[in-house]
Amino acid sequence: MIEKAQQWFREKGWQPFPFQEEAWESYLHDFHGLVNAPTGSGKTYSLAVPILLEFLQNHPAHHPKKPGLQAIWITPIRALAREIQISVQRACDAFDINWQVAIRTGDTSTAERARQKRNTPEFLITTPESMHLLLAQKDYENLFKNLKAVIADEWHELVGSKRGVQVELALSRFKTLCPKLKIWGISATIGNMDEALNVLMGNDYKADNVKVIKADIEKEIEIISILPDTMEKFPWGGHLGIILLEKVLPILYESKTTLIFTNTRSQAEIWYQRILQAAPDLAGVIAMHHGSISREVRDWVETALHDERLKAVVCTSSLDLGVDFRPVETIIQIGGPKGVSRFMQRAGRSGHRPGAKSKIYFVPTQALELLEASALRKAIEVNELEERIPFIRSFDVLSQYLVTLAVSGGFDPKIIYPEILSTFCYGSMSEDEWHWILNFITTGGSTLDAYDEFKKVEVERGIFKVTNRRTAMRHRLSIGTIVSDTMIEVKYLHGPRIGSIEEWFIASMNIGDVFWFAGRSLELVSIRGMSALVRRSKKKRGRFPSWQGGRLDLSSKLSALLRLKLSEVASGNPKDPELQSIIPLIEKQQEVSLVPSEEEFLIESIHTREGHHLFFYPFEGRNVHEGIAYLVAHRLSQIQRFSFSIAMNDYGFELLSDQEIPIEEALGMDLFATDDLFYDIQASINTNEMSRRRFRDIASIAGLVFQGYPGKYVSSKHLQSSSSLFYDVYREYEPNSLLLKEAFEEVMEFQLQETRLRNAMDRINNQKIILKHPENPTPFSFPILVERIRDRYTSEELKDRIKRMTLKLQKG
DNA sequence: GACCTGCTGCGGGATG
């Protein structure tokens, strides 16, 4: 059988990689598993081919006319489906198998859906969401009963998200429906490969029945940092990096095509604009691509890139994955990518062929980012990649899934319960919790049982099902785990959509105002419902929109290496060019304060017009810093009542108060102790507010809050207030609600990262704490000083504060 | 003296 595949490869002038052959063998010998291969290595064939071979093996003489759905290929991104379809179709033709290879995603037409229903495809490429929609169809058991294989492509992308949980749940169902099912994943390298396998297989797999197949395709990555000529003019703070524009332009000219990655959408807008200003001759051959630019415009950019019509594209993570861009020659990363995997993924977009070298230019936006460059170099050298932490006990996804099954015609809890327990996500679920969920979907739970709206599922002779058609339709509409903010669509007055910007940004503008978006100068003409109508403007000055997206957190792998690199510079003669260039800055820091060695922890106390500042430098990423900052503020306020304003970046944090802070005294009392850590976190950090924010998504996923019909306007304020209302109601009447607990656990695990926070505190405890009193802001403290996002912590009674403020006023 | 901020991904279907 395998000879057949080998022969096909030979005919095409290809050589099968060893990992492909290993995957074919393993698959045909009834293994499940994970193929660890980089994109562009022909990974699709590693699993599509054995699926076809097995079919041939079982039907050697003649192919049955309608074998039914044989294989599902899950992709996290719709745009990848087409490419996969082409590859699989090609393999089908080669083996003379007359299969229908179909795509079923959100943008599959109604006609095509109907066609697939009449005439079941044998091979289906779909997304986790669309797969669940299939599970919501009547008689879905029939559709899946002949299923032989499920492939979870780009599994590393899904494993750390609730979309991964959706895959786990669907697989648990398939395992019962089709006992001979084979489950395979395809994944890029991540730090917790074994766990990723575990999540995919579920708790009931047999270890001698699974395989991890590694493609031994070494990817060589060359990192070239763009260094400022002199450190003197290079900013200590900031994030834009425009100062190095002059050095970026020649790279664009020299290379046939370049992708310029930025960390935020507004940064992409600004860079695009500035490049055009500096090099007007690039007009027409440079484009922009980010998540808020309309699909149509992005499609155009992708095609143009593919056809080599563009010289450069300024983009965000929106081009991390996606269609193969073979022609891309050069990659530029502006600003610290904050994670090793992300950086490698981006670097890998160039030299996108097996064996080809990837080349990436790193453009620092502020001095300390040069450390990050050197840390990245090291990380790649020793192959230190981040882990993707799988979600566990996501009861919102579970309740959505159960309603999905109830919509399809009903489920029997006796059958479904053990299936759920077999998943990695819900392995630890207790029977009580299971009953809570069942109760939640049938009555709305003890809190909401007065409202019919939440009695979604009815029980008829032990079968849980949805009979109300409206409920069923609303549910189908809200399947999925991605919750987004309300966006206002930007549209030409008489023309196409350009993209979307956030409600609050539009609200801050007046009719006639000009803003830059998608690389164009636009004038706001009117606002109608969910659309902002615009026309092109000749004005060169305008605001740049910003979006309040997620923040990239400095990964723990990278932060550890960052600390290492810092001590390397501190200790004398570093090798890396980045570290050498940063020496003047480090010397300055040493001169006015201190560069801590690995055994030391630096605290700077500075007095300015603004007040009394304390700066701490754990180098642990901003989220962990936020946690430590509140803890420290809380512990300081045990000595005396305080109000602090808190700021942080990825390297350190600041406590600012208008009172003198008795830091020496505080250091004597174990400021960084980890005993009672959990208790202190509760006491100091407003985990309640954080949970409330998390709960918004959870309420949506669990179906408490309806996001609205497509195209119909539901303001984000409305969404927020209704989820907030639920949050309060639960807190008051049902504090043991699993959804509430879930919100809290997500805060601890993903935001404050309790373990990482604890480790950081332990580390600091073992270091020698050195307190310095510099006259002025130092190279380390300056960037934090200018951070604009500040939080407040106060332990003062309001009346004390007012008293002190009035005293001050009187004095002044 | 230094400061323009925060990623990505998905998404009815039965009946006229």
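Every chain is numbered from 1 and lettered A, B, ... according to where its sequence line falls, protein lines coming before strand lines.
Taking atom CG of Asp107(A) as the reference point, atom C1' of dC10(B) lies 10 Å away to the nearest angstrom. Rounded to whole angstrom, the span from the CG atom of Leu158(A) across to the P atom of dC10(B) amounts to 11 Å. If you take CZ of Arg622(A) and P of dG6(B), they are 11 Å apart, rounded to a whole angstrom. When rounded to the nearest whole Å, the span between CD1 of Ile74(A) and C1' of dC10(B) equals 14 Å. One can place CG of Leu80(A) at 13 Å from C1' of dT8(B), the figure rounded to the nearest angstrom. Atom pair Arg474(A):CZ and dG13(B):P shows a separation of 17 Å (rounding to whole Å applied).
Residue Ser546(A) places at least one side-chain N or O closer than 4.0 Å to OP1 or OP2 of dG6(B). OP1 or OP2 of dC10(B) has not a single side-chain nitrogen or oxygen of Ser130(A) nearer than 4.0 Å. Using a 4.0 Å cut-off, some side-chain N or O of Arg265(A) falls inside it from OP1 or OP2 of dT8(B). Taking side-chain N and O atoms only, Thr316(A) has a distance below 4.0 Å to OP1 or OP2 of dT8(B).
For Arg113(A), the side-chain atoms get nearest to dG13(B) when compared with the rest of dG13(B), dG11(B), dG9(B).
If you find the closest nucleotide of DNA chain B to Arg104(A) and to Leu585(A), the one lying nearer the 5' end belongs to Leu585(A). Between Met231(A) and Ile482(A), it is Met231(A) whose nearest contact on DNA chain B lies nearer the 5' terminus.
Thr110(A) comes within 4.0 angstrom of no nucleic acid atom, judged by non-hydrogen atoms across all strands. In this structure, Arg298(A) reaches the sugar-phosphate backbone alone: every heavy-atom distance under 4.0 Å involves primed, P, OP1 or OP2 atoms, never a base. Residue Glu232(A) is in base contact, counting any heavy-atom pair closer than 4.0 Å across all strands shown. Contacts of His290(A) with the nucleic acid, taken as non-hydrogen atoms under 4.0 Å apart, involve only primed sugar atoms and P, OP1 or OP2. The residue Arg342(A) sits apart from the nucleic acid: no heavy atom pair falls under 4.0 Å. Residue contacts for Arg469(A): at a heavy-atom cut-off of 4.0 Å it reaches no nucleic acid atom on any strand shown. Gly480(A) comes within 4.0 angstrom of nothing in the nucleic acid, heavy atoms only. Counting any heavy atom pair closer than 4.0 Å across all strands shown, Gln267(A) reaches no nucleic acid atom.
In summary, the aromatic rings of Phe544(A) and Phe517(A) are positioned with their centroids too far apart to meet the 6.0 Å limit.
Within the structure, the side-chain hydrogen bond (donor to acceptor under 3.5 Å, both in side chains) test picks out the following pairs touching residues 229-241 of chain A (sequence neighbours left out): Asp229(A)-Lys247(A).
Remark: Asp553(A) engages Arg756(A) in a salt bridge (Lys or Arg N to Asp or Glu O under 4.0 Å) (not counting sequence neighbours).
Ion pairing between Arg295(A) and Asp107(A) fails under the 4.0 Å rule for side-chain N and carboxylate O.
Its glycosidic angle being within 90° of 0, dG12(B) falls on the syn side.
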